[in-house]
Amino acid sequence: MACFRTRPAGWFSIILFISLFTLFCHPAGSVKHKDFKTCEQSGFCTRNRRLADSVTAQGDPYLSPYHIDPRTLKVTNGQLEAIVTKTTLTKETFTFPLLISFLDSGVARVTLNEDKRQRGQIDLRHGSTARKERYNGAAAWALTGDGLKTNANIKVATDEQGFSKVAYGPDNRYEATIRHNPFGIEFRKDGQKRVKLNDRGFLNMEHWRPKIEKPQVEGQDAQAPLTSLEEDEGTWWDETFNGNTDSKPRGPESMAMDITLFGYEHVYGLAEHASPLSLKQTRGGEGSYDQPYRMFNSDVFEYDLDSPMTLYGSIPFMQAHQKGCTTGIFWLNGAETWVDVTKSKSTANSLTMGLGGHVDTQTHWMSESGLLDVFVMMASEPADLSRLYGELTGYSQLPQSFAIGYHQSRWNYVSDEDVKDVDRKFDKHDIPYDVIWLDLEWTNGKRWFQWDEHSFPDPISMNKQLDESHRKLVILTDPHIKSEGGYNIDDELKSQNLAVKNKNGNDYDGWCWPGSSHWIDSFSPAARTWWKSLFPYDKFKGTMSNVWLWNDMNEPSVFGGPDMTMPRDNLHHDKWEHRDLHNIYGLTFHNATYHALLERKKGEILRPFVLTRSFYAGSQRLGAMWTGDNLAEWSHLQASIPMTLNQGVSGFPFAGADVGGFFGNPSKELQTRWYQAGAFYPFFRAHAHIDTRRREPYLLGEPYTPIMAQAIKLRYQLLPAWYTAFHEASVDGSPIVRAQYYVHPSDEKGFAVDDQFYVGSTGLLVKPVTAEGSTNVDIYLAPDGENYYDYFDYTIHAGVGKTVQIDAPLEKIPLLMQGGHIIPRKDRPRRSSGLMKWDPYTLIVVLGKDGKAKGSLYVDDGETFDFQQGAFIHRQFVFEPEDGLRSVDLAARKGPKTADYLKVMKDVRVERIIVVNAPGSWEGQQSVRVVEEGAKSGSTNAPLSWHAGGDGKAAWAVIRDPRVGIGRDWRIVFS
Ligand code: NOJ
């Protein structure tokens, strides 16, 4: 058992070792709740919830103590500035500069800073050298700078009643009404009220104040009740949790605000939580949680399901959707954040003129420190919102094509011979895979960049064997560096001053896999430059161009630390406290590795592959994520679906869960069903804890191994459709797998459905089996006027806004094709995706009820950035009854490399076209006419065979080898 190979010395260390042993090396169990704060254990969460309660208790009219001084209002270049003043119960006033930016896109950004802290006019306690301002660096990490252009044509009118109205956005269809006293902003689009900030008066900017030492009077109860003018200071100046005390040198500095979303019953997003896709209420109401959704990146292994508890990553972006409109709130803050969600139903009355009731969702956002920086986005459909959010934070990385194949991982493959053996066995059992993974144990005692020479004496020969079948190796590297004199990496980290510091300014020392460790401060440009210098192949021996990286434990995870992470009063580059940017740390490390991999060898520019466990808004630009340490249980398989869907809604769609479950040993049935579901995760990787039994798919035997192999082969068959979906995500932010509400935004019955999903815009609808012993599933079909066809045998299911039952014996994945789509495939599964590169395509044309169908295909070299210079093929396939099937160029963006790429691809052709729901008029027809751009002969013929359906199945036809190029215009005429 290799959970901990190195042991700290001394009694403290022995106790620590025993507690860590029980933490990590016990059979599958459940999360250690006591290690993670609840709202009641978090000072600022409690304070803000209390404020909300007291405001609610006061009822109407409650006057929030914040107002705009109208004399300070200024409008320049699409931005409105003013000073917001807060008056306390003791009549003191504090000022907060307000900046509202109205962006060209129609997005509004509201930023509130704190005058005193901004000017540095505060004193820090305990001799702290931390920065005095509210943290303003989140934007630099999360935003790309695109989409931030302000709209100089806004129209502003301020009236006598103390309201400023701003018309903005495309065609000035957006309106913000800023109420001066009390301060609040209401947003409308096309006259419809959508959002209100500080609607319920929960805005709270905790201003800086000096600590006033109150002498303890003998005999007086320290817990004496507060007078109405006093505030509870209990957690202002320091806070202890699990034996760790946070020194809080800047005192209380939280900020919070309520945001009401009018008419929205469903809100989504706020990754990462193991909760249903449509977020639940957190303060009362049927089945609600009693805790707010928490965002504080933490190593919460064996996490609870159906819980608002924090997990490894945070994306403070929420989508609210109702029929006809979608609204987004992006709360740009890197500190710990809690969000309460409540819903209130208003019933029809005479004032609503008999127009039925509706539900409003009320949210309350609370962050420990930093600026109030919130983006309000109003759109018509979820897809518009994904685009707007992507314009701000960047779109998902277009990965190398191997990354969307199947990944085989476990903790651990124990030697280079073991890896070679697994590689050979996949071939022997005819199971494709693209990547094999090495967890911690590839290292020499958890020293990154050093191989364990006994177990991995010859990594290059291992990499070369993998390379023969175009396969890759991914190895793990974490942000903690073993603290050990003589370990060159640690020596450099320390001597170059690149580690995270403790509150006293010394290198922070904590505990992780290697024992005593330091953490790279990846906020520091110098640290990132140094990190880059470690990866060139001649320096990082044993690596070559098919070796990629996995960044784990980057929350950062610190064993025995508060909330399993580092102290909040630790210091980073530029003296920012850890509390300010905790949720961004994981992104910065992921970013450092991404950039390091770009510069391993001069002239070799391959798209980096880096998997991260921790993430923040913007991480989607850098690679993939997975949902961490789940359990080999059916409930975790179920939960993985809403979690993966929510990653898409939250703008980071390259996501998946450990297939098979990390902790514990799955039954053969569970593992098989998990492969069938995993074949439809954007990130498809099997992974397992070191204590689990080996479970490579070829080990399970009949009937399981062939069924899992089929699932993997299905993934490979559909790789062209997957890659096209990844491309879409990389240009418009759309999720790679899409929830029912996203694809059918007008069908209210589908708004809470989160156990089935679509692959990109292919019309492929999958409903994984997630219950033990099930041999059928209920699948909900939208009333979209289309039929849905079984992927494997073309059985017809009518889409009518109801649930249909589909047989799903163990060997079957419930997979349907929505009428009206064209799906690109490759039907010659090989050992890896790289070996399929030049294979011909099959097109599945699923005719809709109107006899039409459409679909697209994106192809590029799958490795380099040449696509940015036009080296890609982007085609739309259109079938219309009169015209037949056409391939149309969608590549609006040609570039210097377009022509060469088309030349390289000139022999890659379509080898088969299958038409599902083929018209009966084709019966007896022997051939079709093929007209191709540039062909010498005017047209050629290709054989057609038509097959009657019957017995509930659709008729279908096959056109064999039409010999049309994938990169050319062509047309197939059927009459
Ligand atoms: C925690 C990760 O979540 C898990 O996937 C990995 O196997 C272990 N760390 C060991 O590196």
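Both ligands and their constituent atoms are indexed starting at 1 by order of listing.
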Is there a side-chain contact between His480 and Met553, using heavy atoms and a 4.5 Å cut-off? yes
Cationic N near anionic O, under 4.0 Å, Lys472 to Asp467: no
List for me each residue that meets side chain to side chain contact (heavy atoms under 4.5 Å, CB included) alongside Asp439, sequence neighbours excluded, and say none if there are none. Trp411, Asn412, Leu476, Trp550, His687
Please list all pairs meeting salt bridge (charged side-chain N to carboxylate O under 4.0 Å, His left out) that have one or both residues in residues 508-521, counting only residues at least two apart or in different chains. none
Asp434 and Arg715 ion-paired at < 4.0 Å: no
With sequence neighbours left out, what residues match Glu453 under side chain to side chain contact (heavy atoms under 4.5 Å, CB included)? none
Quick one: ligand 1 N/O to protein N/O pairs below 3.5 Å?
residue  : atom   : partner : partner atom : Å
ligand 1 : 3 (O)  : Arg613  : NH1          : 2.8
ligand 1 : 3 (O)  : Asp629  : OD1          : 2.4
ligand 1 : 3 (O)  : Asp629  : OD2          : 3.4
ligand 1 : 5 (O)  : His687  : NE2          : 3.1
ligand 1 : 7 (O)  : Asp439  : OD2          : 2.5
ligand 1 : 7 (O)  : His687  : NE2          : 2.9
ligand 1 : 9 (N)  : Asp552  : OD2          : 2.7
ligand 1 : 11 (O) : Asp439  : OD1          : 2.5
ligand 1 : 11 (O) : Asp552  : OD2          : 3.4

